[in-house]
Amino acid sequence: MSMKVASWNVNSLKVRLPQVLEWLQEKSPDVLCLQETKLSDEKFPVAELAEAGYHALYHGQPTYNGVAILSRSVPEDGRCDWPDGSDGQARLCAGTFAGTRVVNVYVPNGQSLESDKYPYKLQWLERLRALIAKELQQWPRLLLVGDFNIAPDDRDVYDPVAWGEEVLCSPPERAALTALLNLGLQDSWRHQHGDLQEWSWWDYRAAGFRRNRGLRIDLILASNALMTKVQDVVIDRNARAAERPSDHAPVLIQLEEV
DNA sequence: ATGGCAAACGCAGTTTGA
């Protein structure tokens with residue numbers, strides 16, 4: 001039995017609900033992880049998604065952040081925030097599907113190296129590393145997916161010279177990502193596609209998409225126990241070309257015999 | 001060469017994103 005799991009930063013589910021419903025119908029993923037829903041929980045479109053055949057596990061707040069996991073089946077061991085207490089930002093949720101743990105994250109952006117948000121980002125990533133280490137003990141088959149707000153290396157940046165070591169590309173952020181990978185995870189898209197260069201995010205400004213100036217910051221990290229099951233990993237740039245798009249494209253992984 | 005958009009909130013313009 002194969003399984004399709006996707007991740008998509010929708011930049012407001014209120015605005016993007018029609019595109020999400022269309023995408024669910026077109027791709028029929030078993031699991032779709034969303035980031036930046038920007039909806040408080042009472043405004044989450046539970047009924048519309050149920051009508052489309054999807055259960056929703058969601059954790060939001062007004063205006064900022066917000067994550068959700070849409071799924072054909074009801075997750076086991078659903079988690080909507082940190083086990084050791086929230087920091088007031090809705091950036092994490094998780095659920096288990098047929099024994100495969102899916103952890104959905106919206107990693108803080110960091111804004112700039114000088115910002116207070118930058119050390120917050122690094123601390124957040126360290127806290128995530130500790131959580132994932134525990135989760136892997138319980139669920140060796142694990143996917144860590146989401147908007148990481150980190151370009152793993154220079155192959156993931158349209159102009160690495162211009163971006164330099166600024167936020168999203170700085171060595172401490174990349175080291176934090178490497179520390180996550182060192183738990184026994186792999187960047188599944190990179191593993192599948194060698195040195196290929198594709199982007200998952202394009203700036204709304206400066207005709208970023210038309211000129212194909214982007215970054216690959218939306219990732220699906222798969223545990224070693226799952227990597228042998230990976231059939232394909234794709235970034236759906238068609239979604240970015242749609243009417244009134246999110247600035248991120250969905251990433252979709254297909255697993256066999258899960 | 002530079003800057004260039006979109007969304008939330010709320011009703012003008014600020015803040016945030018990446």
Side-chain angles (χ1 to χ4, degrees), chain A residues 7-20 33-45 58-68 87-92 104-125 128 145-174 176-177 187 189 197-220 235 237 239-251:
Chain A
S7 173
W8 195 3
N9 180 324
V10 290
N11 185 19
S12 168
L13 185 57
K14 181 184 173 187
V15 172
R16 228 66 67 194
L17 182 60
Q19 289 94 320
V20 169
C33 297
L34 303 177
Q35 304 90 35
E36 283 207 89
T37 56
K38 298 186 180 180
L39 288 176
S40 52
D41 288 345
E42 67 271 17
K43 293 181 180 169
F44 198 88
Y58 48 94
H59 178 214
Q61 63 186 91
T63 311
Y64 303 116
N65 309 319
V67 285
D87 65 358
Q89 300 203 15
R91 296 181 175 277
L92 172 77
N104 176 27
V105 294
Y106 174 47
V107 175
N109 172 282
Q111 199 167 56
S112 74
L113 303 196
E114 296 75 33
S115 169
D116 290 344
K117 293 172 185 173
Y118 182 73
Y120 170 71
K121 179 180 193 174
L122 295 178
Q123 286 157 14
W124 199 95
L125 286 163
L128 180 64
V145 318
D147 177 357
F148 283 74
N149 271 315
I150 303 170
D153 65 52
D154 283 353
R155 292 172 295 179
D156 303 305
V157 182
Y158 74 95
D159 186 347
V161 174
W163 279 79
E165 297 190 346
E166 291 303 312
V167 74
L168 282 67
C169 299
S170 74
E173 294 168 72
R174 286 176 167 171
L177 180 60
D187 177 350
W189 188 91
Q197 292 192 280
E198 286 185 6
W199 325 127
S200 69
W201 169 85
W202 299 258
D203 203 320
Y204 283 126
R205 295 166 294 184
F209 184 68
R210 183 175 59 74
R211 305 205 282 194
N212 199 26
R213 296 179 165 189
L215 306 175
R216 190 175 68 90
I217 55 177
D218 299 273
L219 310 176
I220 296 181
I235 300 171
R237 77 193 306 284
R240 182 62 174 82
E243 194 78 14
R244 208 177 181 189
S246 168
D247 44 356
H248 295 253
V251 188

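Proteins come first, then strands; the chains are lettered A, B, ... in the order of their sequence lines, and each starts at number 1.
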In whole Å, measure the gap between the P atoms of B:dC11 and B:dA6 for me. 23 Å

Give the B/S/- string for nucleotides 7-18 of chain B, one per nucleotide from 5' to 3', where a protein heavy atom under 4.0 Å of the base yields B, of only the sugar-phosphate yields S, and otherwise -. SSS------SBB

Sub-4.5 Å side-chain heavy-atom contact between A:Asp147 and A:Tyr106: yes

Whole Å only: how far is the CZ atom of A:Arg213 from the C1' atom of B:dT2? 12 Å

Contact summary for A:Asn212 and A:Tyr158, nearest pair of heavy atoms: O-CB, 4.3 Å

If you measure from the P atom in B:dG3 to the same atom in B:dA7, how many Å do you get, rounded? 23 Å

Donor-acceptor pair, A:Glu173 side chain versus A:Tyr118 backbone, under 3.5 Å? no

For atom P, what is the distance between B:dT2 and B:dT14, given to the nearest Å? 25 Å

For A:Val10, does its backbone N or O pair with a side-chain atom of A:Gln19 as donor and acceptor, under 3.5 Å? no

Roughly how many Å apart are B:dT15 and B:dG10, using the C1' atom of each and rounding to a whole number? 13 Å

In terms of relative ring orientation, are A:Tyr58 and A:Phe44 parallel, tilted or perpendicular, with 30° and 60° separating the classes? parallel

Once salt bridge (Lys or Arg N to Asp or Glu O under 4.0 Å) is applied, do any residues pair with A:Arg174, and if so which ones, sequence neighbours excluded? A:Asp154

When the P atoms of B:dG13 and B:dA1 are compared, how many Å lie between them, rounded to an integer? 33 Å

